[in-house]
Protein chains: 2
Amino acid sequence: MKFKAIVLDIDGTITHKDRRLDLRAAELLYTLDIPVVLATGNISCYAQAAAKLIGLGGQVIAENGGVILTGYYTEPIVSDNIGECEKAFQFLSKYYDLTKFDPDDRKTEIALIRNFDMGQARVLLKEQNFEIEIIDTKYAIHIKSNKINKSTGLKIISKLMGLTPVDFVAIGDSANDAEMIRSAGFGIAVANGDAEVKKAADNVTKASFGDGTVEAIEHLRSKGQI
Amino acid sequence: MKFKAIVLDIDGTITHKDRRLDLRAAELLYTLDIPVVLATGNISCYAQAAAKLIGLGGQVIAENGGVILTGYYTEPIVSDNIGECEKAFQFLSKYYDLTKFDPDDRKTEIALIRNFDMGQARVLLKEQNFEIEIIDTKYAIHIKSNKINKSTGLKIISKLMGLTPVDFVAIGDSANDAEMIRSAGFGIAVANGDAEVKKAADNVTKASFGDGTVEAIEHLRSKGQI
């Protein structure tokens, strides 16, 4: 099987632990002659800045699937689920002193500083039946629509690129990468990945963080699979 | 003279011609043990994404001095000159079919696609006495306050960092870097720089783009000046 594109997470997957770009991974991604899509829980501006600085085509899945862009100067495709997330945020604010990341820039979900017990918050939310889920990407705790994830984002962007999710290799490290890794043609978790994402993956690399992604891509290339 | 910090432009200065990050420059900036401030005509989100991906401290001068941030999770200092820029934009819109970059994200100035004659636009604006200037950074044409530039940004951020502009080495390539380069303790233009920025600089590198910045920093380091 020869794959036609790669989709991969940014933080923890093509970076070092401190979120600094792994420069070997950046160089390698730039040299690939298939499209490389960045998929992140971060905002679209961050995702497109990373794509521009690495030298990619600007196709990004941002806000965990809520915002999709197929190039640098194209209109974003934005889901309309922020209202439900805001309701859950107001509810949780009765119990915790919550602080939002990028409140002015997030269009579809809410990202919070990791200063509260997510497990306990999930229990509190369970009875409320908001159409949301709450996930920890290790960089932030996200309140997001339970109808949207990086896999739904991949479905949308792959169609716009004339592809399907099975044409993609997906690489990631966090719980929010698991659906995307399952729906791609081939899914890879880097060694620093969560148990959940490792379980979802076809392969787990020996190396961690950006080194893991370099290992994965070099392996796929040596096998003629990309 | 030993300098205490570096301030440098992003596009054309630490990138290749296509705006891709120069990975040698990125590596070198990360290894410096003095603060590195990024100063750009781009929006603050882009500037902070670049700082994060390079592994810097998040001090940025964005929108050509209109927006200042001293770290990743600090409140931005935002100038209030967008109204005057908007008046000039409305005036020019009578003559040209103008397209804004990042209209939702720019807080203090207007950036336009370079599809009109800037020289002619300047002539048209001359009689109007708006408190603005119009500059070409080679990536966009900016309508900006004539009271703000990267040098006024450097004055503000240096004070917040407990420094003064003369404590800084400044590196840049475009007309919008000239004031900053003049006000810094030592100003360097990379070889691809405009005539104006080269004239303002104390030194011009032999190499262009990111290679020029690597040359400049290695030279300063070899002389013990940083």
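Residue numbers start from 1 in every chain, and the chains themselves are labelled A, B, ... in the order their sequence lines are given, proteins ahead of strands. What's counted below: heavy atoms across the whole structure, side chains too, no hydrogens, waters or symmetry copies. Everything numeric in this text was worked out from a predicted model, so none of it was measured.
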**Residues Asp211(A), Lys206(A): salt bridge by 4.0 Å N-O rule** = no
Under 4.5 Å to a heavy atom of chain B? For Ile54(A) that would be backbone
- prompt: Regarding Arg106(A) and the six-membered ring of Phe101(A), is the cationic atom NZ or CZ under 6.0 Å from the ring centre and inside 45° of its axis?
  reply: no
The interface call for Ile43(B) against chain A, heavy-atom contacts under 4.5 Å, is side chain
Per salt bridge (Lys or Arg N to Asp or Glu O under 4.0 Å), Lys144(B) is matched among Glu84(B), Glu109(B), Glu133(B), Glu63(B) by Glu133(B)
Side-chain (Glu179(A)) to main-chain (Asn149(A)) donor-acceptor, under 3.5 angstrom: no
Looking only at Ala51(A), Ala49(A), Ala50(A), the option with the highest number of non-hydrogen pairs under 4.5 Å against chain B is Ala49(A)
Geometric cation-pi criterion, Lys17(A) with Phe209(A): 6.0 Å, 45°: no
One option among Leu53(A), Asp22(A), Asp18(A), Leu21(A) has the most heavy-atom pairs under 4.5 Å with chain B, and it is Leu53(A)
Turns out that what part of Ile14(A) lies under 4.5 Å from chain B's heavy atoms comes down to neither
